[in-house]
Protein chains: 2
Amino acid sequence: MTTDSFLADCRARLAFDLLSNTWSAVVLWALRDGPGRPRELRERIGGISSKVLTETLRRLQFNGLVERHAFAEAPPRVEYRLTALGRTLLVPIEAFGAWAFEHGDEVMAAQDREAAGAPRPQP
Amino acid sequence: MTTDSFLADCRARLAFDLLSNTWSAVVLWALRDGPGRPRELRERIGGISSKVLTETLRRLQFNGLVERHAFAEAPPRVEYRLTALGRTLLVPIEAFGAWAFEHGDEVMAAQDREAAGAPRPQP
DNA sequence: CGGAATCCCACCAGATACTG
DNA sequence: CAGTATCTGGTGGGATTCCG
């Protein structure tokens with residue numbers, strides 16, 4: 001990890017690939033306070049469609065970050081919750097969130113500065 | 001930040017959007033030991049095309065994470081380096097890399113487990 | 001050598017409608 | 001209410017080529 005392949009390395013890029021989807025990190029974060037049903041998660045998150053939420057949860061489940069529990073009840077009930085592994089990922093995610101809160105203004109200022117100089121596409 | 005909008009919040013998602021591109025984090029990391037010319041960066045990174053490297057650097061520059069220095073010399077020379085802001089982002093990036101090294105095996109094991117149960121697409 | 005221009009493909013995610 | 005099916009547009013990024 002003192003080498004320059006720290007990130008180019010397949011292994012190190014894994015974490016980024018896990019969260020490369022638009023909603024993966026958001027959904028993980030929405031589950032941090034406890035299990036949730038799809039409907040509830042959509043309310044916690046806001047702006048995510050049923051389909052995309054399901055897809056995202058499936059991916060997270062596939063990667064062992066989330067567990068799905070289906071209850072055989074009269075009105076169908078499903079619950080998602082973080083696995084132990086998924087919970088460990090909250091730490092680096094939070095680090096990013098903290099960074100954004102701390103440096104978000106600087107980024108937006110830089111964007112304005114650059115946009116003023118030469119119009120460029122956005123991330 | 002104690003609310004549930006920590007990540008759903010535009011502000012907090014900023015960091016993820018900054019690195020949502022495949023190569024952004026890798027390029028930032030490649031610059032952590034010092035400035036580099038495009039050719040050199042491509043060698044440090046491996047597997048990135050000239051076009052994509054340029055695009056990535058332009059985006060990073062637009063967001064104030066990277067500076068571009070062009071020298072008016074006989075053989076054209078260009079150098080990229082991290083800004084102070086870009087350097088601060090290395091910390092959370094490293095946190096992700098560390099996570100990947102620590103938990104990568106668990107993820108791959110989970111993938112195998114899930115794949116065995118019901119074939120699913122990958123992230 | 002740096003990088004801009006083209007062409008092209010694959011994938012993500014949104015909208016909508018339907019099933020159990 | 002949970003989840004699926006289908007169609008669609010936008011875009012990221014790979015390969016190639018040409019210009020200063």
Side-chain angles (χ1 to χ4, degrees), chain A residues 7-8 10 13 16-28 30-31 35-63 66-81 118-123, chain B residues 7-8 13 16-28 30-31 35-63 66-81 114 118-123:
Chain A
L7 259 179
C10 285
R13 291 198 40 202
F16 288 94
D17 291 340
L18 287 180
L19 302 179
S20 64
N21 298 98
T22 305
W23 295 101
S24 295
V26 181
V27 170
L28 274 186
L31 284 169
R37 304 176 58 175
R39 179 82 196 283
E40 187 193 354
L41 290 176
R42 290 182 59 190
E43 288 164 3
R44 287 193 206 174
I45 294 170
I48 188 173
S49 72
S50 170
K51 175 208 164 195
V52 173
L53 175 62
T54 302
E55 287 176 349
T56 304
L57 286 166
R58 287 283 186 283
R59 258 191 309 264
L60 294 173
Q61 182 184 5
F62 180 83
N63 293 318
V66 156
E67 280 173 352
R68 191 185 112 113
H69 293 276
F71 302 88
E73 295 180 358
R77 194 161 74 96
V78 178
E79 231 180 51
Y80 292 91
R81 64 187 61 190
R120 294 285 180 191
Q122 209 146 338
Chain B
L7 258 178
R13 291 198 41 200
F16 288 95
D17 292 339
L18 287 181
L19 302 179
S20 64
N21 297 97
T22 305
W23 295 101
S24 295
V26 181
V27 170
L28 274 186
L31 284 169
R37 303 176 60 176
R39 179 83 196 283
E40 186 194 353
L41 290 176
R42 292 182 57 191
E43 288 164 2
R44 287 192 206 173
I45 294 170
I48 188 173
S49 72
S50 168
K51 175 205 165 196
V52 173
L53 174 62
T54 301
E55 286 175 350
T56 304
L57 286 167
R58 286 283 185 285
R59 257 192 310 265
L60 294 173
Q61 181 183 5
F62 180 84
N63 294 317
V66 156
E67 279 172 352
R68 191 184 112 111
H69 293 276
F71 302 87
E73 297 179 357
R77 194 162 74 96
V78 178
E79 231 181 52
Y80 293 91
R81 63 187 61 189
E114 297 288 334
R120 294 283 182 193
Q122 208 147 338

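Below, read A as the first sequence line, B as the second, and so on, with proteins coming before strands; counting in each chain starts at 1. Keep in mind the model is a prediction, meaning the values are calculated, not measured. Heavy-atom basis, side chains included; hydrogens, waters and symmetry copies ignored.
When distances run from any side-chain atom of A/N21 to the nucleotides D/dG13, C/dA13, D/dC1, the shortest one goes to C/dA13. The side chain of A/R37 has D/dA2 as its nearest neighbour among D/dA2, C/dA13, C/dG2. Considering only side-chain atoms of A/K51, the nucleotide from D/dA2, C/dA13, D/dA15 that sits closest is C/dA13. Picking from D/dG13, C/dA4, C/dG2 the nucleotide with the shortest atom distance to the side chain of B/P38 gives C/dG2.
B/P75 comes within contact range of no nucleotide atom at all, as no heavy-atom separation falls under 4.0 Å. Nucleic acid contact class of B/S49 (heavy atoms, under 4.0 Å, all strands): none. Across all strands, A/Y80 comes closer than 4.0 Å only to sugar-phosphate atoms, never to a base (heavy-atom distances).
Rounded to an integer number of Å, the gap from CH2 of B/W23 to C1' of D/dT11 is 18 Å. A/I48 has its CD1 atom 10 Å from the C1' atom of C/dA13, to the nearest Å. Atom CZ of A/R59 is separated from atom C1' of C/dC12 by 8 Å (rounded to the nearest Å). For A/E43 and D/dC1, the CD to P distance is 9 Å, given to the nearest whole Å. Nucleotide D/dG14 holds its C1' atom 12 Å from the CZ atom of B/R42, rounded to whole Å. If you measure from atom CD of B/E73 to atom C1' of D/dG20, you get 16 Å, rounded to the nearest angstrom. One can place CG of B/L60 at 13 Å from P of D/dG12, the figure rounded to the nearest angstrom. Taking atom CG on A/D17 and atom P on D/dG13, their separation rounds to 11 Å, with Å as the unit.
With DNA chain C read from its 5' end, the first of the two nearest nucleotides for A/P76 and A/T22 is the one closest to A/T22. DNA chain C is contacted by both A/E55 and B/L57; B/L57 maps to the nucleotide lying nearer its 5′ end (nearest heavy atom per residue).
Rounded to the nearest 0.5 Å, atoms CG (A/L18) and CG (A/L60) are 8.5 Å apart.
Atom CZ of B/R39 is surrounded by 12 or fewer heavy atoms from other residues, nucleotides or ligands within 6.0 Å.
Here A/R58 reaches the OP1 or OP2 of D/dT4: one of its side-chain N or O atoms lies under 4.0 Å away. Between A/R39 and D/dA2 there is no side-chain polar atom (N or O) within less than 4.0 angstrom of OP1 or OP2.
A salt bridge does not link B/E55 with B/R59: every distance from a Lys NZ or Arg NE/NH1/NH2 to an Asp or Glu carboxylate oxygen is 4.0 Å or more.
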